[in-house]
Amino acid sequence: MASACVPAAPAQPALPSGPAVFKTIPYTFILPEILCGTLVWILVAATSVSFPLLQGWVMYVSLSSCLISLLLLISYVFGLHKNSENWKVLDSLYHGATAILYMSAAVLQANATIRSEPGPHSPLHYQLNSAASFFAFITTFLYILHAFSIYYQ
């Protein structure tokens, strides 16, 4: 009689901790997300905020996302996740939701940039708003990449 071999379940890859966080996809996206989000925050803060409602949302999203991503990075570096599968779900949900929020912030920042077209007295503010819009869309793309790569991993 032939014995039936039950195939072993594929082992889930361990969550990285320590310096491996900076070498493992999708966790390598966290540091660029923080850096680009910080640039958005600084560039919007450097302009004369002509549209407080629009740019206030951009500031809120960029600052809160930057801080939460920094806490997430610190928790991965120090291994606070203890290789729990719940951290993958948390990470995926956080980055997916943040990608949606960042997309709304990027669109609002682009709107504020278009509405503050360059004039003879304020070309610098237009350039700062343009750079903030550019980095807001780059940051959105990074959050989307992170969310999908966690989902498909």
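Positions are given from 1 along the sequence.
Hydrophobic clustering places Leu31 together with Leu70 (ILVMFWY residues linked when any side-chain heavy atoms are closer than 4.5 Å, directly or through intermediates). Met103 and Met59 sit in two unconnected hydrophobic clusters of ILVMFWY residues. Membership requires side-chain heavy atoms under 4.5 Å apart, directly or through other members. Clustering ILVMFWY residues whenever any of their side-chain heavy atoms sit less than 4.5 angstrom apart, transitively, puts Leu43 in the very cluster that holds Phe141. Note on Ile100 and Val58: separate hydrophobic clusters, where clusters join Ile, Leu, Val, Met, Phe, Trp and Tyr whose side-chain heavy atoms are under 4.5 Å apart, directly or indirectly. Ile30 and Leu93 are assigned to two separate hydrophobic clusters, defined by single-linkage of ILVMFWY side chains at heavy-atom distances under 4.5 Å.
With sequence neighbours excluded, the residues that form a ring-ring contact (aromatic ring centres under 6.0 Å, His included) with His95 are Tyr143, His146. Partners of Ser64 under the side chain to side chain donor-acceptor pair (under 3.5 Å) rule, at least two apart in sequence or in another chain, do not exist in this structure. In this structure, the side chain to side chain contact (heavy atoms under 4.5 Å, CB included) partners of Phe134, at least two apart in sequence or on a different chain, are Ile138. With sequence neighbours excluded, the residues that form a side chain to side chain contact (heavy atoms under 4.5 Å, CB included) with Ser62 are Val40, Trp41, Tyr102. By the side chain to side chain donor-acceptor pair (under 3.5 Å) test, Thr98 pairs with no residue at all, sequence neighbours left out. Under the rule for a side chain to side chain contact (heavy atoms under 4.5 Å, CB included), the partners of Leu67 that lie at least two apart in sequence or sit in another chain are Leu63.
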Exercise. Any chance you could lay out the side chain to side chain contact (heavy atoms under 4.5 Å, CB included) test for Leu101 and Ser65, step after step, and finish with the verdict?
Key: CA-CA 9 Å; Leu101 293 175; Ser65 300; 5.8 Å; no

Exercise. Give the intermediate values and the outcome of side chain to side chain contact (heavy atoms under 4.5 Å, CB included) for residues Leu73 and Val77.
Key: CA-CA 6 Å; Leu73 178 64; Val77 168; 4.2 Å; yes

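A heavy-atom distance below 4.5 Å is found between the side chains of Gln55 and Asn129. Taking the side chain as every heavy atom from C-beta outward, Thr38 and Ile34 approach each other to under 4.5 Å. Side-chain contact between Thr140 and Ile144 is present, with heavy atoms from C-beta onward closer than 4.5 Å.
Ser149 and Phe29 get closest at one heavy-atom pair: OG-CE1, 4.0 Å. Between Gly96 and Ala147, the shortest heavy-atom distance links the atoms N-CB, 3.6 Å.
We find the CG-OH distance between Leu71 and Tyr94 to be 9.0 Å, quoted to the nearest 0.5 Å. To the nearest 0.5 Å, atom OG of residue Ser69 and atom CD1 of residue Ile74 are 11.0 Å apart. The line from OG of Ser133 to CD of Gln109 is 4.5 Å long, rounded to the nearest 0.5 Å. Rounded to the nearest 0.5 angstrom, Leu53 CG and Leu108 CG are separated by 8.0 Å.
The closest donor-acceptor contact from the side chain of Ser92 to the backbone of Val89 lies at 3.5 Å or more, if one exists at all.
Using a 3.5 Å distance cut-off with no hydrogens or angles, the side chains of Thr113 and Ser130 do not pair a donor with an acceptor.
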